[in-house]
Amino acid sequence: MSDITLDAVTKRFEDTTAVDSVSLTIEDGEVLGVVGPSGCGKTTTLRTIAGFETPDEGRVYFGGEDVTHVPPERRNAGLVFQSYALFDNMTVRENVEFGPKMQGVPADERRERATELLELVGIADLADRDPRTLSGGQQQRVGVARALAIEPRVLLLDEPMTGLDARLKRRLRTEMGDLLDDLGVTALYVTHDQAEAMVMCDRVAVMNEGVVEQVGTPREIYESPANEFVADFVSLDRIDLPFVTH
């Protein structure tokens, strides 16, 4: 893993500025959440880090290395999507082995790596199961294990809990937050759900219309919002926030 830096990144689509001079750093081993309303630029920010978008201005660095024009397949970023995008025609283990197989990792090594990762995410007993028979939480863990199997420099999660019911989301955000902490992985977590980010992430960046309005710890964002937009966006019920004790 390594630290990830966006330096004054701007990305335009015709007449629309999706990301406007955004500067962010994800420290090595940190989980940085990016939140904001639909269309605020958070997914474009993630796609720029992944290499699927090239900024019109600014630079992207992985561990001090300029990767602005490096293609996605050479950035070694692990991706976890909304749908988990698991392969139905493969077992759980085969899903996790897929990335290393594409990298040319020998069969014995990728099987060992898959076994270790499935143990790490707590689902080693499901290795031979069909992914379609798993719960949403179990599928999520398979998605994380598969993303980690390529030994990525950064883990990028794009709205991974979208579509799940509210009760399951509340349980999974705690489980997922604990898992990311245990893994010590450098990660960017994009979500429109403020509570999700505040519970799961070490720091949170609040975006609005392509601009980062504030970056801080969940407590800082909640207790000392930088402006009216941030205050309104993170006006959550205290019961959702474990760091609020009064």
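Throughout, residue positions are numbered sequentially from 1 according to the sequence presented.
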J.: Take atom CD of E209 as the centre, draw a 6.0 Å sphere, and report whether it contains more than 12 heavy atoms from other residues, nucleotides or ligands.
T.: no
J.: Looking only at side chains, do D28 and T186 share a donor and an acceptor under 3.5 Å apart?
T.: yes
J.: Check R110 with E94, please: is the shortest side-chain N to carboxylate O separation under 4.0 Å?
T.: no
J.: In the structure I gave you, are the side-chain heavy atoms of T43 and F52 within less than 4.5 Å of one another anywhere?
T.: no
J.: Pair E151, R113 - check salt bridge (charged side-chain N to carboxylate O under 4.0 Å, His left out), show working.
T.: CA-CA 10 Å; E151 299 183 339; R113 191 182 300 179; 3.7 Å; yes
J.: Does V96 share a hydrophobic cluster with M102, counting links as ILVMFWY side-chain heavy atoms below 4.5 Å and allowing steps through other members?
T.: no
J.: Which residue is it: K42, E159, E196? I am looking for the one with a side-chain hydrogen bond (donor to acceptor under 3.5 Å, both in side chains) to Y189.
T.: E196
J.: Side-chain donor-acceptor pair under 3.5 Å between Q214 and N227, yes or no?
T.: no
J.: Are I150 and V142 in one and the same hydrophobic cluster, where Ile, Leu, Val, Met, Phe, Trp and Tyr link if side-chain heavy atoms are under 4.5 Å apart?
T.: no
J.: For T45 and V190, run side chain to side chain contact (heavy atoms under 4.5 Å, CB included): C-alpha distance rounded to whole Å, both residues' side-chain angles, the deciding distance at 0.1 Å, then the answer.
T.: CA-CA 9 Å; T45 298; V190 166; over 6 Å; no
J.: Count the heavy atoms belonging to other residues, nucleotides or ligands that lie under 6.0 Å from CZ of R129, then report whether that count exceeds 12.
T.: yes
J.: Are V105 and V92 connected into the same hydrophobic cluster when the rule is that any two of I, L, V, M, F, W, Y join if their side-chain heavy atoms are below 4.5 Å apart?
T.: no
J.: Walk me through it: do T48 and E53 pass the test side chain to side chain donor-acceptor pair (under 3.5 Å)?
T.: CA-CA 5 Å; T48 301; E53 304 292 352; over 6 Å; no
J.: How close do T68 and D66 get, counting heavy atoms only, and between which atoms?
T.: OG1-OD1, 2.6 Å
J.: Indicate, with yes or no, if V211 and V34 share a hydrophobic cluster defined by side-chain heavy-atom contacts under 4.5 Å among Ile, Leu, Val, Met, Phe, Trp and Tyr.
T.: no
J.: Run the salt-bridge test on E97 and K101 with the 4.0 Å N-O cut-off and return the result as yes or no.
T.: no
J.: Do the side chains of V70 and I49 join up, straight or via other hydrophobic residues, at under 4.5 Å, putting them in one cluster?
T.: yes
J.: For A197 and V204, work out which heavy atoms get closest and say how close.
T.: O-CG2, 3.9 Å
J.: Write down the atom of G210, the atom of V22, and the distance for their closest heavy-atom approach.
T.: O-CG2, 3.4 Å
J.: With R93 as the cation and F98 as the aromatic partner, state whether NZ or CZ is under 6.0 Å from the six-membered ring centre and within 45° of the axis.
T.: no
J.: If every non-hydrogen atom of G78 is compared with every non-hydrogen atom of P152, which pair is closest and at what distance?
T.: N-CB, 3.3 Å
J.: For residues N95 and R146, is any side-chain donor paired with an opposing acceptor at under 3.5 Å?
T.: yes
J.: Heavy-atom count around E73 CD within 6.0 Å, excluding the residue itself: above 12?
T.: yes
J.: Surrounding CG of D108 (heavy atoms of other residues, nucleotides or ligands, distance under 6.0 Å), is the total greater than 12?
T.: no
J.: Salt bridge or not for E57 and R12, using N-O below 4.0 Å?
T.: yes
